[in-house]
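Just so you know, residue 1 is the first one in the sequence shown, and it goes up from there. Remember, predicted model here, so these are calculated numbers, not experimental data.
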Amino acid sequence: MSTENEGTAVPAVPPAPSSAPPAPPVTSEEAAASASAAEPAAPQAEPVAPSPKAEPAATHATPEPTAAPEAASGPEPTSVPEPTSVPEPTSVQKAASEQAPPGQVPTSAQEAASPHQPAPEAHDPVTAQLPGGPVHADPYGGAPATHAQGPAGGWPTPPPALPGYGGGGGGPVWGAPVPEPQGPRRGRGGLVAAVLVAALVAGGVGGAIGYWASDREDGSSGSTTVSASDTPKDFKRDPGTVAAVAAKALPSVVTIQAEGNDGEGGTGTGFVYDREGHIVTNNHVVASAANSGRLTATFSNGKKYDAEVVGRAQGYDVAVIKLKNAPSNLVPLALGNSDQVAVGDSTIAIGAPFGLSNTVTTGIISAKNRPVSSSDGASPKASYMSALQTDASINPGNSGGPLLDSRGAVIGINSAIQSAGSGGFGQSQAGSIGLGFAIPVNQAKNVAEQLIKTGKPVYPVIGATVAMDEKGQGAKISPQASGGTAAVVAGGPADKAGLKPGDVITKFGDTVIDSGPTLISEIWTHKPGDQVQLTYKRDGKEATVTVTLGERTGDS
């Protein structure tokens, strides 16, 4: 006897009828479910009582899926093995059976047919309930199996036919309706679940797309700009940058308010010169409050202090004031060397143009040793300087403020500007056109030290009067005395060097002299007692002499 499952008797199968009753119509969902039952079940063998008239019939064909479209044309099986046991359902199958409505049974004809009972109506293959107990899905992917007994204690419902080799598949059990070849069937429960999952996935995708779209619209909306990082380390300014220099210098710069007894006054700037509270500024900034007026100095942090004039030099346009009740934590600005400044060096100007305190502007050194004669218009006397020219924006209110180099060291004191159409230099003319002038700090330091010590300025002189209205040919010594002053002071430096009225000075040291203001500006860059080479012309002849500079105290 040849058996497929050892120890299991196989009943004889009568010949297949020539025709089979037509199969009920099957939906596409039902066809999909049948195709999914492609894996065979592997029930364990149990002894089963043989059926009467059983004849041994060997079958070696490998079972095929019963719902495959090729099943109708495949060879008919000679025997159908009957399982003696049904594998226990898995947790997934149990969950599926619990969700099934009662009364549903498998849809495949092979699952429902038996030699002892007719095939029941096709129902959902995933979830079904029979009177004898729950129906579970095949643990190997096939149709559900049931533990229920047939009516009147008949045989258990046989499992689906095993698939055969080559995809031909075994035919249906004899006596069962033969379905028309069609696609796989899917149960309603599976379809609902699939539709639900698809809806959830679609909703998730739609939500993500909606969020992405709204985020794009709320943000850059197609923009190609790139946002900079906002971490604190990215905001670190390296030494030498304008921001770093300004941040360090601003706490040592003050805005000065000067008011005279008559209510007249103005705004200027100054900077901390030492820890004792001395502030250096321009003379024309504090001149209105010099005689019983009121001075205040306001720092960048808003703290305001009353101040008083220590000394001022009108000719140099330099003044020193001192804070009353000065704080102990003053930080003086470092002083540079204006003689080492080169044209093209970077400059930073700090001041209060038109009252706008703590204003920072930048530029370069446009020229050096620029002879400048300036006046505030309130006094007939002018100031003279061999100035540093800068294109950093300087306006009324910047006067007295520091001109810094790229290290933050003071190289000059902002003093004058030239405005379009003014025809001259001044401290109170409005509008910067990029022509600003600063007193070199080397000269300003000498003056400030003298004012702090004595309260009075000291000027170097040559003891001669020169014409101030001639330009281009040099500085001409006046032919005669003017205003009670001799053209050449007897016994003075010029007299001792052999100079006479009418001589034209063309060179002072290494600087070419083109006018009286230029000569004075150069003289005031030196100190009394300095010896300087002076070149002059007399009757068309040129000569050079050495002059030892004298001094004059005060602005008489």
Side-chain angles (χ1 to χ4, degrees), residues 249 253 268-271 273 278-285 311-320 332-351 361-374 382-392 394 398-418 425-427 435-452 457-460 508-515 517-528 530 532 549:
V253 178
T269 308
F271 63 91
Y273 182 76
H278 290 107
I279 306 294
V280 172
T281 185
N282 283 144
N283 172 69
H284 72 265
V285 170
R312 58 195 187 96
Q314 183 177 1
Y316 294 122
D317 196 21
V318 174
V320 176
L333 287 182
L335 304 181
N337 186 345
S338 54
D339 292 340
Q340 295 179 351
V341 172
V343 173
D345 283 350
S346 298
T347 59
I348 302 170
I350 302 179
T361 57
T362 64
I364 62 169
I365 293 294
S366 303
K368 293 181 61 178
N369 303 317
R370 186 72 77 188
V372 173
S373 173
S374 64
S383 299
Y384 301 93
M385 68 188 83
S386 181
L388 297 174
Q389 181 181 327
T390 180
D391 64 349
I394 297 175
N398 277 103
S399 294
L403 184 69
L404 309 173
D405 62 15
S406 60
R407 303 170 302 163
V410 180
I411 55 175
I413 301 176
N414 300 318
S415 181
I417 61 173
Q418 181 166 0
F425 303 97
Q427 299 98 356
L435 293 174
F437 303 95
I439 303 167
V441 72
N442 289 6
Q443 177 181 345
K445 179 182 178 181
N446 293 335
V447 177
E449 290 290 344
Q450 189 66 40
L451 293 176
I452 291 173
V458 177
Y459 297 93
F508 187 85
D510 295 329
T511 303
V512 175
I513 303 301
D514 61 356
S515 65
T518 302
L519 176 61
I520 296 175
S521 297
E522 284 299 314
I523 293 174
W524 286 358
T525 62
H526 292 75
K527 296 178 182 179
D530 288 350
V532 183
L549 299 178

How far apart are the C-alpha atoms of N282 and I439, what are their side-chain angles, what is the distance that settles it, and do they pass the side chain to side chain contact (heavy atoms under 4.5 Å, CB included) test? CA-CA 9 Å; N282 283 144; I439 303 167; 3.9 Å; yes
Quiz question: by atom type and distance under 3.5 Å, do the side chains of Y459 and Q450 form a donor-acceptor pair? no
Can you see whether T525 engages Q443 through a side-chain donor-acceptor pair at a distance of less than 3.5 angstrom? no
Nearest non-hydrogen partners of [X] and [Y], listed with the distance:
X: S386; Y: S521; result: N-CB, 3.7 Å
X: L451; Y: A319; result: CD1-CA, 4.2 Å
X: A313; Y: P457; result: CB-CB, 3.3 Å
X: Y384; Y: S373; result: CE2-OG, 3.3 Å
X: V280; Y: A448; result: CG2-CB, 4.2 Å
X: V320; Y: H278; result: CG1-CD2, 3.9 Å

Got [X] and [Y] here, is their nearest side-chain heavy-atom distance under 4.5 Å?
X: F508; Y: I523; answer: yes
X: S415; Y: F437; answer: no
X: D391; Y: I364; answer: yes
X: T269; Y: I350; answer: no
X: P528; Y: P460; answer: yes

Identified side-chain contact (heavy atoms from CB on, under 4.5 Å) partner of N442 from the options V341, I411, D339: D339
Do you know which of L335, V410, I279, L333 makes side-chain contact (heavy atoms from CB on, under 4.5 Å) with Y273? L335
Going from [atom1] on [X] to [atom2] on [Y], what distance comes out if it is rounded to the nearest 0.5 angstrom?
X: S338; Y: N369; atom1: OG; atom2: CG; value: 9.5 Å
X: S399; Y: N283; atom1: OG; atom2: CG; value: 11.0 Å
X: T347; Y: N414; atom1: OG1; atom2: CG; value: 8.5 Å
X: L519; Y: W524; atom1: CG; atom2: CH2; value: 11.0 Å
X: M385; Y: D317; atom1: CE; atom2: CG; value: 5.5 Å
X: T390; Y: I348; atom1: OG1; atom2: CD1; value: 10.5 Å

Mark yes when over 12 heavy atoms from residues, nucleotides or ligands other than K368 sit less than 6.0 Å from its NZ; otherwise mark no. yes
Is there a donor-acceptor contact under 3.5 Å from the side chain of Y316 to the main chain of V458? yes
Provide the full list of salt bridge (charged side-chain N to carboxylate O under 4.0 Å, His left out) pairs with a residue in residues 399-417, sequence neighbours left out, each pair given once. D405-R407
Partners meeting side-chain contact (heavy atoms from CB on, under 4.5 Å) with N398 (sequence neighbours left out): P353, I394, N395
